[in-house]
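A short worksheet on the structure shown next.
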Amino acid sequence: MERLRHALTPILMAASLGVAAAEPVDINTADVAALAEALVGVGDAKAQAIVDYRREFGPFESADDLTLVQGIGEATVARNRDRIRLGR
């Protein structure tokens, strides 16, 4: 049992760090790096597309508006709904 506990401890610690990193992000003010870090399935290219869309069309009014950004679909929004904040 002791071996099992020692084997699982690093795995559990790593998993808890992943949960802690899931801080909400304001999609109307965040920069590319913050968006890419906070949103699952969003790397630098998609994060840049979000920022570019926001600059061209103004702030997002709902999380679902992210689907207007090329490369962001409903599944990505659904996976990230609890991480998305809307400031103005």
Side-chain angles (χ1 to χ4, degrees):
M1 188 60 135
E2 188 68 18
R3 280 186 178 177
L4 180 60
R5 185 173 65 82
H6 283 293
L8 291 177
T9 298
I11 295 168
L12 294 173
M13 289 177 68
S16 69
L17 290 175
V19 171
E23 291 293 319
V25 63
D26 184 336
I27 60 172
N28 283 325
T29 60
D31 63 13
V32 171
L35 290 165
E37 181 178 327
L39 300 177
V40 174
V42 175
D44 289 340
K46 287 183 184 176
Q48 184 63 58
I50 292 169
V51 171
D52 292 345
Y53 186 93
R54 187 177 70 206
R55 283 186 186 139
E56 186 172 347
F57 298 104
F60 296 99
E61 298 202 10
S62 73
D64 294 316
D65 285 351
L66 280 176
T67 62
L68 300 171
V69 177
Q70 186 172 354
I72 307 288
E74 292 177 14
T76 300
V77 174
R79 275 194 306 269
N80 289 290
R81 195 165 297 279
D82 61 333
R83 298 170 187 205
I84 296 170
R85 297 292 173 262
L86 293 159
R88 302 235 193 269

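Computed from a predicted structure; not experimentally measured. Just so you know, these numbers use all the heavy atoms, side chains as well, and skip hydrogens, waters and symmetry mates.
- Not one N or O on the side chain of N28 forms a donor-acceptor pair closer than 3.5 Å with the backbone of P59.
- Residues K46 and V69 fail the side-chain proximity criterion, which asks for heavy atoms closer than 4.5 Å.
- Smallest separation of non-hydrogen atoms from A47 and A36: CB-N, 3.9 Å.
- For the pair I27 and L86, the minimum side-chain heavy-atom distance is below 4.5 Å.
- Between the side chain of N80 and the backbone N or O of L39, no donor-acceptor pair lies under 3.5 Å.
- Listed by chain and number, the residues in a side chain to side chain contact (heavy atoms under 4.5 Å, CB included) with A78 amount to none (sequence neighbours excluded).
- The shortest distance between side-chain heavy atoms of L66 and T76 does not fall below 4.5 Å.
- Annotation: salt bridge (Lys or Arg N to Asp or Glu O under 4.0 Å) contacts of D64 (sequence neighbours excluded): R81.
- The side-chain heavy atoms of L68 and F60, taken from C-beta on, include no pair separated by under 4.5 Å.
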message: Determine whether D52 and Q48 satisfy the following criterion, side chain to side chain donor-acceptor pair (under 3.5 Å), listing intermediate values before the conclusion.
response: CA-CA 6 Å; D52 292 345; Q48 184 63 58; 2.7 Å; yes
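- Not counting sequence neighbours, R85 has no partner by the side chain to side chain donor-acceptor pair (under 3.5 Å) test.
- In terms of heavy atoms, V25 sits closest to A30 at CG2-CB, 3.3 Å.
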